[in-house]
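Please read the structure below before turning to the comments.
We name chains A, B, ... by the order of the sequence lines, and we start the count at 1 in each one. Because the structure is predicted, anything quoted here is derived from the model rather than measured. Below, all heavy atoms of this structure are taken into account, side chains as well, without hydrogens, waters or symmetry copies.
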Amino acid sequence: MNKVPIDEILNKVNGIKITHKRKTRIRVDVDADSLPTLLELIKGRASYIHLSAITCVDWIADNQFELVYHVWSYEEKCLISAHTRIDRGSESNPAKYVSVYDLFKPADFFERDIFEMYGVTFIGSPRMEKFILTEWNGVPPMLKDFDAEAYVQETFKWTDYNPDWLQELTDQGGGIAVKPEDIRTAGNTHNMSTHRERDKAKAAAVKANEKMQGWKQ
Amino acid sequence: MRPENYQAVKLGQSNEYEIFIGPNHPGIEGNYAFRLMLDGDIVVSGKADAGYLHRGFEKLMEGRLWIQNLAIVPRICVPDPAPMEVAYSMAVEEIMGIEAPIRAQWIRTMQLELSRVAAHLFTFGGHAATTGMYTPMFWGVADRDLVLDLFEDFTGGRVYSIYNIPGGVRRELPPEFLQKLSNLLDYLESRQNDYDNLLFTNQVFVDRAKGCGALTQEQALELSVTGPNLRACGLAYDVRRDDPYLVYDELEFDIPIQTAGDAYARILVRRDELFQSIRILRQIIERLPSIKGKIRTPIPNPLSWNVRKGEAYARVESSKGELAYYVVSDGGDKPYRVHVRGPSSMHAVQTLEFLAKGARLEDVAQIMFSLDACPPEVDR
Amino acid sequence: MKKELKIIQKERTNPLAHVFDDFISFCQSKSLFMLHYCTGCGAIELPPAMTSRFDMERLGIQPMVTPRQADILLITGYVSIKTLKRVILTYEQMQSPKYVIGICSCTVNGGMYWQSYATAKKLNEYMPVDVYIAGCMPRPEAVMEGLQRLKDNIRNDKKEHKGSAWKDYFNRYDYYLGNQQALFGDDWQTPTDIIAEAKLYDLETEETYGKHTKLLEKHQTPLLPQEMRIK
C-alpha cells in the first residue's frame, strides 16, 4: 500500500490548522464538530491507534474548555495532538462533548477523569460516574474558579505553631523572618477572590522590584 | 457493638456474591481497592475503585511556582520517581526552548536507568510474594537498597531525589561514583544465576504464572497498554527507541520481547530489561568521564521566572510504561495546566478489570502485580 | 456481664497486681503486630525496614494482615479524605490496646499537601496518635527509632502514661467524633459502637459524650445489608 503523507490526510478535514513542532510532534487545531472525524480518519487511514491521553484545559478568560487528544502511531512514530475548544457551559448547563469511546477504549478512563475534574459530560461514554472523587461533594475541583487554598482555610483548623524553643530564639532576635501567611497575602491582595488574581498581583510586585534582572525574551 | 445494628444479608436468586479486595489487603499494590463479583472462585466481573491516594496534584501544581513543583512531581510514582522529574523538566525545557547540556543529559540517563533497575527489583519481589514466595521479596528489596544507597550518594535523597531542574541537574557526580556504580553492576550481574534459580526458572512459580492474565497483542493495543506489559505481547515498542529523548539514540540496547502475554512473560521481560539497563549503565560508565562541560543551562531567577507561553508533551519510558507530561504555560510564573499521563492509569483500571474477568480469585493479586500497577499514578 | 467486668477492673485485691501489670506491659512491648496497610508514599520505606537490611522483626514487630489481630496502625503518609474514612473504620476495628504511628510530615500538619483539597491535615484530630515520625520521607532508621520509642512507651506506660493514647479515643470520643463529622458530614457513622466499648472498658468520662455524640444518635441507623451491583 502506498504511504499517504499525513498532511494529505489531515487536510481532508475542514478548517484544520497543522503545525509541525518537531519530527515526532504535530499540533492540529480543529473545530469541535470535526474532531471525531479527524480521529477516525487518522486511526483508520494512518495507523494512529494509540490514544496516549486526553487533556482538558480550562481557559476561563475565554469561557472555553480546550480538549487535547494525544494520539500516537506505532508505525509513523509520530504523535498528533489534536486541539479543540468547546463552550465552558455554566452550572445549570454543563459543558457537553461527544465521546470517542467507540474509537479508543482508553477514552473511558480519561473522559471519566475529565467528567469528575471539570464537569464535562461526554455523550456516549460508558461510565459517566464518579471514580476518584466518590467522597467529594463540591464543584469539580480542577476548575479555575475553584480556589483550593480558600477551601482548605475554611475546612481545616489551623493553629499557630509557637513552641517554646522557637520563643527562645525569637527573644534572642532570631526565629521566623517572614511568616508564611504574610507571604500568602503579600501586597494589597486581601480583597481578591481567586488565587489567580492574587498571584498576578504578587507577580507584578515581584517584577517591579526586579526590573534589573527581568527575563528578556 | 450493638446486635441490633446488624441484619442478616439476604441473598438473591443468583449464586454470585461480591467481595472487596483492598484498600487494606496484602494482595493489593499500594492503597487501591477492587470490587469483585464472584461465582464460586471465578471472577465474573471486577470494578476498580481508585482515589485513595488522590491529592489533587494537578491542582496543586497550578498553585505553585515552576521550580516548586519539582519537589512534588516525584511523589506521583513512589517506586520509580526519577522519570517524573525528568519528564517534567523536559516539558518545561521544551516550552522554554532551552536544552540541557550534554553532560547533564548523560547523568539524567544514568539516573533513569538506575531508577529502572531499582523499580524492577522491587517488582520481582512483589510479584513473587503474590504467589507465596517470600524469599525473592527479601532479596529484591535488599538489592534495591544498594541502588538506593547510590542514589543517596549522588543526589542526597534515598527515594525522592529531586535531582533534576529545568535546564540540567543539580549537582556534579561525587568522586569515584562511577567506580561504585560499576561495583554494584558487577554484584547485580553475579546475582543473575541466583535469581534465575530462585524465581524465573522455579517450577512452582512458572506453573503459577504461566497462562495467568494473558493478553493478546490486539487486546493490549486496544487498551493502550504500554511498557513491559506491551512488550510481553510481542510488540517491540519502547519510547526510548521510538521517540528518543536524552541520549538514548547514542546508546546500544536491545528491546526484549516475549510473545505469550501472560504474567510469566511480563516478569521475564522485566528480567531481561534489568540486564539491558545494566548494559546501558556500563556504556554510560565508559563514556561519561570523556564528556566534559557544564551540567546546567542557566535559568533566570527561579522565584520570578515566567516561562513563556506554550505547551509541550514530554514522554519518557518509565519502568511501568509510557509516562507523559502535558504542560501548558500562559506566560505566568506558575504552570497553567499540568496533566500527568501515568502508565498505570491504563493498566490498573481497564486492563485489570478486563484481565480479572474469568480469572480465579487467587490470581487477581498476581495479575495486578504482574501488570506492575502503581496506584498513585491513577489517582494523582 | 458488663458490670462484672467493671468490678474486676476496679477492685485489685491481688498483692501481686503490679507485678502482673509489669509483666504484661513487658510482654506487650516485645510482640507487636503491625497492620499491613499502605496509606501513602511512606509505605515504600517499610519493605526495607521489614526485610533483611534493617529487619524490624528483631524488635519483635511483624506485619499482620487483619486489623482485628493487629496492634499497630501505621499511617504512612498523607491521608486523603477517602482513605481517612477507611483508616477510622480500621482503627475502630482493632482490639485495644492499639497504637497509631504517624509516619511522614504529611500526617503531622499536611506536609507539602497543605493546600490540597483532598487530604486531611492533622491526623491527631481524628484519632489519638502515639508517635509521629517526621520527615519526607523518614529513612528506615528513623522508622525503627520511632518503633523503638513506641516500645519504650509501652514498657514504661505505668510510670509515664505515654503508651496509652488509645484510651484517649474513648475518654474524649466527642472531640474526635466532632472533627470526623466536620469533615465527613453530619450523618457519619461507623459500624463500631465506641460508646458501648468505652463503657465496657470503663473508660467513659464526661467528655465521651457531647453534642456530637447526640448528633450521632440522631442519625444512627441500623446497618442494612448494602445492595451492591457492579455495572
To the nearest 0.5 Å, tell me how far [X] [atom1] sits from [Y] [atom2].
{"X": "C/Ile44", "Y": "B/Leu148", "atom1": "CD1", "atom2": "CG", "answer": "8.5 Å"}
{"X": "B/Asp145", "Y": "C/Phe54", "atom1": "CG", "atom2": "CZ", "answer": "5.5 Å"}
{"X": "C/Gln115", "Y": "B/Lys59", "atom1": "CD", "atom2": "NZ", "answer": "10.5 Å"}

Find out whether [X] and [Y] are in side-chain contact, i.e. whether some heavy atom of one side chain is under 4.5 Å from a heavy atom of the other.
{"X": "B/Arg144", "Y": "C/Arg53", "result": "no"}
{"X": "B/Leu53", "Y": "C/Tyr78", "result": "yes"}
{"X": "C/Cys41", "Y": "B/Tyr160", "result": "yes"}

> Which is it for B/Tyr52 and C/Thr39 under the side-chain contact (heavy atoms from CB on, under 4.5 Å) test, yes or no, and what are the steps along the way?
Replying inline: CA-CA 8 Å; B/Tyr52 295 97; C/Thr39 55; over 6 Å; no
>> Counting only non-hydrogen atoms closer than 4.5 Å, does C/Leu35 touch chain B with its backbone (N, CA, C, O), its side chain (CB onward), both, or neither?
In response: side chain
> Passes side-chain contact (heavy atoms from CB on, under 4.5 Å), C/Arg139 versus B/Glu152? Steps please.
Replying inline: CA-CA 11 Å; C/Arg139 302 170 54 85; B/Glu152 198 174 0; 2.5 Å; yes
> When only heavy atoms count and the cut-off is under 4.5 Å, which of residues 126-136 of chain C reach chain B?
Replying inline: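 The residues closer than 4.5 Å to chain B, in numerical order, are C/Cys136.
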> So which residues of residues 79-96 of chain C are in contact with chain B at a heavy-atom cut-off of under 4.5 Å?
Replying inline: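 C/Ser80, C/Lys82, C/Thr83, C/Arg86, C/Thr90 fall under the 4.5 Å cut-off.
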>> Which residues in residues 351-362 of chain B have any heavy atom closer than 4.5 Å to a heavy atom of chain C?
In response: none
> Where along residues 135-143 of chain B does a heavy atom come under 4.5 Å of chain C, listed by residue number?
Replying inline: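 Only B/Met137, B/Phe138, B/Val141, B/Ala142 of residues 135-143 of chain B have a heavy atom under 4.5 Å from chain C.
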Which atoms of [X] are under 4.5 Å from chain C, going by heavy atoms: the side chain, the backbone, both sets, or neither?
{"X": "B/Tyr134", "answer": "neither"}
{"X": "B/Tyr32", "answer": "neither"}
{"X": "B/Ala129", "answer": "neither"}

> In terms of side-chain geometry, is the basic nitrogen of C/Glu141 or B/Arg158 positioned less than 4.0 Å from the acidic oxygen of its partner?
Replying inline: no
>> For the CZ atom on C/Phe33, are there more than 12 heavy atoms of other groups (residues, nucleotides or ligands in this structure) within a distance under 6.0 Å?
In response: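 Atom CZ in C/Phe33 is not packed in, count stays at 12 or less.
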>> Can you confirm whether more than 12 heavy atoms, excluding those of C/Arg172, are under 6.0 Å from its CZ atom?
In response: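 Counting other residues, nucleotides and ligands, CZ of C/Arg172 exceeds 12 neighbours.
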> Is it true that B/His54 and C/Tyr117 have ring centroids separated by less than 6.0 Å?
Replying inline: yes
